[in-house]
Enquirer: 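One structure follows; several queries about it will come next.
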Amino acid sequence: MAKKLYFGSNLKMYKTVAQTVSYLQKLEANTNDISKEEIQLFIIPSYTTLESACKAIDHNNIMLGAQNMCWEDEGQFTGEISPVMLKEVGVDLVMIGHSERRHVFMENDYDENKKVLASLRHGFTTLLCIGETMQEKEYGISKEILRQQLIIGLHDVQDSDLSKVWVAYEPVWSIGVNGIPASADYAQEMHVVIKECLEELFPGQSSQIPVLYGGSVNPTNASELIVQPAIDGLFTGRAAWDADKFDALIRQAMEAYKSA
Ligand code: PGA
């Protein structure tokens with residue numbers, strides 16, 4: 001049976017409110033004819049755009065996510081945004097542990113675990129991002145790092161929450177303007193490691209969790225990535241920030257998947 005494919009983008013610290021709304025409306029219109037049984041679309045814009053973004057589109061077409069979240073509902077946490085606040089504006093999804101949160105803002109796996117549990121407690125679809133650095137890859141410990149990020153990050157997650165858990169594998173060395181895209185073979189190999197670890201953590205239940213690849217996804221590598229059996233979707237940054245180009249990438253990947 002054909003699996004559902006996931007396509008989404010983190011807009012990082014780009015796009016104003018007006019730019020985000022117009023991007024979302026264009027993407028929604030562009031992808032209108034694609035069956036949402038076949039694909040799940042999601043966009044993760046910046047905090048200040050979320051309220052307008054949530055009103056601008058039908059969430060059955062495109063889920064909307066936040067790029068980060070505090071684990072507490074309220075309190076003395078200056079500069080943080082709580083799950084209650086995200087609920088209030090109508091967010092569907094929360095991304096936890098993006099590479100830039102871990103490596104620019106020094107979050108660790110225990111922080112990510114607190115956020116994952118808080119996000120699930122509030123009923124958000126929870127996208128946990130994991131990935132090894134270049135140094136960890138060179139030392140040959142990628143698999144151990146990914147396993148650690150999953151085992152700690154998903155600690156205490158219950159089977160009943162798994163329908164809301166997504167994982168993105170984004171090797172740190174592959175992300176952004178200086179990133180080197182992972183080869184399809186390498187991505188597949190790491191996705192197998194991730195899926196095996198998820199099965200160890202949640203025996204008999206792990207197939208519910210989609211595992212997406214991210215890191216310099218572009219029109220040149222999208223097709224070879226999406227046809228890998230352990231890759232369930234593409235989490236795209238720069239190549240998705242123009243609605244026409246993202247729509248074209250999605251269609252190209254769907255075509256490649258169907259004809260594989
Ligand atoms: P990129 O970003 O596609 O621009 O490399 C990926 C990400 O950070 O999720």
Side-chain angles (χ1 to χ4, degrees), residues 5-15 19-20 23-24 27 40-47 49-50 53 62-69 91-107 112 115-116 119 125-134 136-137 142 145-146 149-150 153 165-184 186-187 190-191 194 210-226 228 231-250 252-253 256:
L5 301 178
Y6 292 71
F7 295 99
S9 184
N10 161 24
L11 304 187
K12 307 194 181 188
M13 200 174 71
Y14 293 100
K15 294 193 192 289
Q19 288 167 343
T20 301
Y23 168 77
L24 285 168
L27 186 64
Q40 176 66 61
L41 285 176
F42 64 99
I43 298 294
I44 310 182
S46 67
Y47 280 139
T49 70
L50 282 173
I62 305 176
M63 287 171 76
L64 283 169
Q67 296 177 10
N68 180 28
M69 187 190 76
V91 163
D92 310 295
L93 176 153
V94 178
M95 173 170 65
I96 309 286
H98 184 271
S99 155
E100 288 147 21
R101 297 303 315 169
R102 292 175 186 266
H103 298 287
V104 183
F105 298 100
M106 301 304 156
E107 293 180 9
E112 313 310 3
K115 296 179 185 205
V116 163
S119 172
T125 294
T126 302
L127 173 60
L128 176 65
C129 302
I130 61 172
E132 81 284 5
T133 63
M134 181 53 96
E136 289 160 346
K137 182 171 184 276
S142 302
I145 295 294
L146 296 179
Q149 291 175 339
L150 289 171
V165 175
W166 302 358
V167 170
Y169 169 57
E170 299 200 289
V172 178
W173 44 269
S174 74
I175 295 176
V177 281
N178 298 317
I180 311 151
S183 70
Y186 184 82
M190 294 304 123
H191 275 239
I194 292 165
V211 184
L212 285 59
Y213 171 80
S216 294
V217 172
N218 60 57
T220 313
N221 62 15
S223 299
E224 56 182 4
L225 286 163
I226 201 67
Q228 302 303 316
I231 296 182
D232 303 314
L234 301 176
F235 191 26
T236 309
R238 289 155 294 151
W241 296 342
D242 174 288
D244 290 332
K245 289 189 181 145
F246 194 27
D247 174 51
L249 186 146
I250 291 165
Q252 175 202 323

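Nothing here was measured: the structure is a model prediction, and the numbers come from that model. In each ligand, atom 1 is the first atom listed, and ligand 1 is the first ligand listed.
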Enquirer: For each nitrogen or oxygen atom of ligand 1, which protein N/O atoms lie closer than 3.5 Å, and how far apart are they, rounded to 0.1 Å?
Expert:
from, atom 1, to, atom 2, distance (Å)
ligand 1, 2 (O), Lys12, NZ, 3.4
ligand 1, 3 (O), Ser216, N, 3.4
ligand 1, 3 (O), Gly237, N, 2.9
ligand 1, 4 (O), Arg238, N, 3.0
ligand 1, 4 (O), Arg238, NE, 2.6
ligand 1, 4 (O), Arg238, NH2, 3.4
ligand 1, 5 (O), Gly176, N, 2.8
ligand 1, 5 (O), Ser216, N, 2.8
ligand 1, 5 (O), Arg238, NH2, 2.9
ligand 1, 8 (O), Lys12, NZ, 2.7
ligand 1, 8 (O), His98, NE2, 2.8
ligand 1, 9 (O), His98, NE2, 3.4
ligand 1, 9 (O), Glu170, OE1, 3.4
ligand 1, 9 (O), Glu170, OE2, 2.6

Enquirer: When you look at NZ of Lys245, are more than 12 heavy atoms from neighbouring residues, nucleotides or ligands closer to it than 6.0 Å?
Expert: no

Enquirer: What residues form a side chain to side chain contact (heavy atoms under 4.5 Å, CB included) with Ala256, not counting sequence neighbours?
Expert: Ser223, Ile226, Val227

Enquirer: Checking Lys12 now: which residues fulfil salt bridge (Lys or Arg N to Asp or Glu O under 4.0 Å) with it, not counting sequence neighbours?
Expert: Glu100

Enquirer: May I ask you to decide if the ring planes of Phe7 and Phe246 are parallel, tilted or perpendicular, using 30° and 60° as cut-offs?
Expert: perpendicular

Enquirer: Go through the structure and list residues passing salt bridge (Lys or Arg N to Asp or Glu O under 4.0 Å) with Asp247, not counting sequence neighbours.
Expert: Arg251

Enquirer: Indicate, with yes or no, if the rings of Tyr6 and Phe235 have centres closer together than 6.0 Å.
Expert: no

